[in-house]
Amino acid sequence: MNFDQAFEKLIGHEGGYVCNPADPGGETKFGISHRVYPLEDIKAMTLDRAKFLYQRDYWGPAGCDAVPDAIKFDLFDTAVNSGVVAAIRMLQTSVGTNTDGIIGPLTLQAANSMPGPRLVARFNAARLAFMSNLPTWPAFGRGWARRIADNLLGA
């Protein structure tokens, strides 16, 4: 999977313009939130601008080009939802390396040596464990769990 394919899949999860006062991200469009990007005009956000931000700030920093194909989208989706460092730590937990939040050679070696289905299962287990401990789980957990299930089912 490459970035363009991952972006298309991600946008299938993300909606258009939303301003939900209960959402800690606040105003969002294409999943880009005002909380993370306070200088962006969220309401006027274009799909091309969102794509640029996703590649620059999530795909690249999370090391999605370097990990096995089986985990590329899940790592990217998690970086978008939970932050790059948290996503890398979940990957590191999944492969049994030091959870320093840095995608280095030991993490990559461990990820590349694990069978894809096992890596995906362990990663998504770590993701659910992380999310279910968030204080916003009662409000958003069902949607997050559905998103992970959709990813696992290939939707």
Side-chain angles (χ1 to χ4, degrees), residues 1-14 23-26 28-40 42 45-137 140-141 143-155:
M1 173 172 284
N2 63 33
F3 172 73
D4 290 331
Q5 294 163 325
F7 177 75
E8 288 301 316
K9 187 173 180 180
L10 180 84
I11 289 301
H13 289 307
E14 302 294 351
D23 188 337
T28 64
K29 188 171 180 185
F30 306 125
I32 301 293
S33 75
H34 185 261
R35 181 182 59 82
V36 176
Y37 293 97
L39 301 179
E40 293 286 338
I42 300 299
M45 174 77 55
T46 65
L47 193 58
D48 284 342
R49 178 68 178 159
K51 187 174 184 177
F52 169 80
L53 294 172
Y54 278 128
Q55 187 167 29
R56 181 191 73 188
D57 299 339
Y58 299 96
W59 180 268
C64 296
D65 280 326
V67 298
D69 279 347
I71 200 71
K72 285 179 190 283
F73 180 76
D74 291 314
L75 182 63
F76 175 52
D77 191 48
T78 303
V80 168
N81 273 166
S82 302
V84 170
V85 171
I88 293 169
R89 285 184 175 148
M90 286 177 229
L91 176 63
Q92 291 168 326
T93 296
S94 304
V95 300
T97 58
N98 183 27
T99 55
D100 61 6
I102 299 167
I103 192 101
L106 294 178
T107 300
L108 292 173
Q109 180 183 14
N112 282 302
S113 68
M114 188 175 286
R118 180 172 166 80
L119 178 59
V120 169
R122 291 181 56 84
F123 181 84
N124 281 291
R127 185 177 184 187
L128 283 168
F130 171 85
M131 292 177 130
S132 66
N133 284 315
L134 294 174
T136 50
W137 178 262
F140 299 104
W144 294 336
R146 187 176 304 119
R147 182 176 181 140
I148 293 167
D150 287 348
N151 290 349
L152 289 168
L153 291 170

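Position 1 is the first residue of the sequence, and the numbers go up from there.
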- Query: Any idea which heavy atoms bring Leu91 and Ala111 closest together, and the distance?
  - Reply: CD1-CB, 4.5 Å
- Query: Passes side chain to side chain contact (heavy atoms under 4.5 Å, CB included), Arg49 versus Ile32? Steps please.
  - Reply: CA-CA 10 Å; Arg49 178 68 178 159; Ile32 301 293; over 6 Å; no
- Query: salt bridge (charged side-chain N to carboxylate O under 4.0 Å, His left out) with Arg118: which residues, sequence neighbours excluded?
  - Reply: none
- Message: Rounded to the nearest 0.5 Å, what separates atom OG in Ser82 from atom CE in Met90?
- Response: 4.0 Å
- If you take all heavy atoms of Arg122 and Met114, which pair is closest and at what distance? CD-SD, 4.0 Å
- Would you please classify the geometry between the Phe7 ring and the Tyr54 ring as parallel, tilted or perpendicular, with 30° and 60° separating the classes? tilted
- Query: CG of Leu119 to CG of Asn124: how many Å apart, nearest 0.5 Å?
  - Reply: 9.5 Å
- Item | Nearest atoms (heavy-atom pairs only) where Ala70 meets Gly116 | CB-CA, 3.8 Å
- Message: For residues 55-71, which residue pairs pass the salt bridge (Lys or Arg N to Asp or Glu O under 4.0 Å) check, not counting sequence neighbours?
- Response: Asp69-Lys72
- Determine, stepwise, if the pair Ile102 / Ile88 fulfils side chain to side chain contact (heavy atoms under 4.5 Å, CB included). CA-CA 7 Å; Ile102 299 167; Ile88 293 169; 5.7 Å; no
- Note on the structure: Here the pair of heavy atoms bringing Asn2 nearest to Asp4 is OD1-N, 3.1 Å
May I have the list of side-chain donor-acceptor pairs in residues 74-81 shorter than 3.5 Å, sequence neighbours left out?
unit_1 : atom_1 : unit_2 : atom_2 : d
Asp77  : OD1    : Arg147 : NE     : 3.0
Asp77  : OD1    : Arg147 : NH2    : 2.5
Asp77  : OD2    : Arg127 : NH1    : 3.1
Asp77  : OD2    : Arg127 : NH2    : 3.0
Asp77  : OD2    : Arg147 : NE     : 3.2
Asp77  : OD2    : Asn151 : ND2    : 2.9
Thr78  : OG1    : Asp74  : O      : 2.7
Thr78  : OG1    : Arg127 : NE     : 3.1
Thr78  : OG1    : Arg127 : NH1    : 3.4
Asn81  : OD1    : Arg127 : NH2    : 3.0
Asn81  : OD1    : Arg147 : NE     : 3.4

- Task: Let me see the working for Phe73 and Leu10 under side chain to side chain contact (heavy atoms under 4.5 Å, CB included), right down to the final yes or no.
- Result: CA-CA 8 Å; Phe73 180 76; Leu10 180 84; 4.1 Å; yes
- Query: Taking C-beta and beyond as the side chain, do Gln109 and Leu106 meet within less than 4.5 Å on heavy atoms?
  - Reply: yes
- Check the pair Lys51, Phe3 against side chain to side chain contact (heavy atoms under 4.5 Å, CB included), reporting the backbone distance first and the verdict last. CA-CA 9 Å; Lys51 187 174 184 177; Phe3 172 73; 3.6 Å; yes
- Message: So Phe30 and Leu53, do their side chains get closer than 4.5 Å, heavy atoms only?
- Response: no
- Message: So, applying side-chain hydrogen bond (donor to acceptor under 3.5 Å, both in side chains) with Gln92, which one of Thr97, Thr99, Thr107, Asn98 is it?
- Response: Thr107
- Measure the spacing between CG of Leu134 and OG1 of Thr136 and express it to the nearest 0.5 Å. 5.0 Å
- Message: Minimum heavy-atom separation for Trp137 and Leu128, please, with both atom names.
- Response: CH2-CD2, 4.4 Å
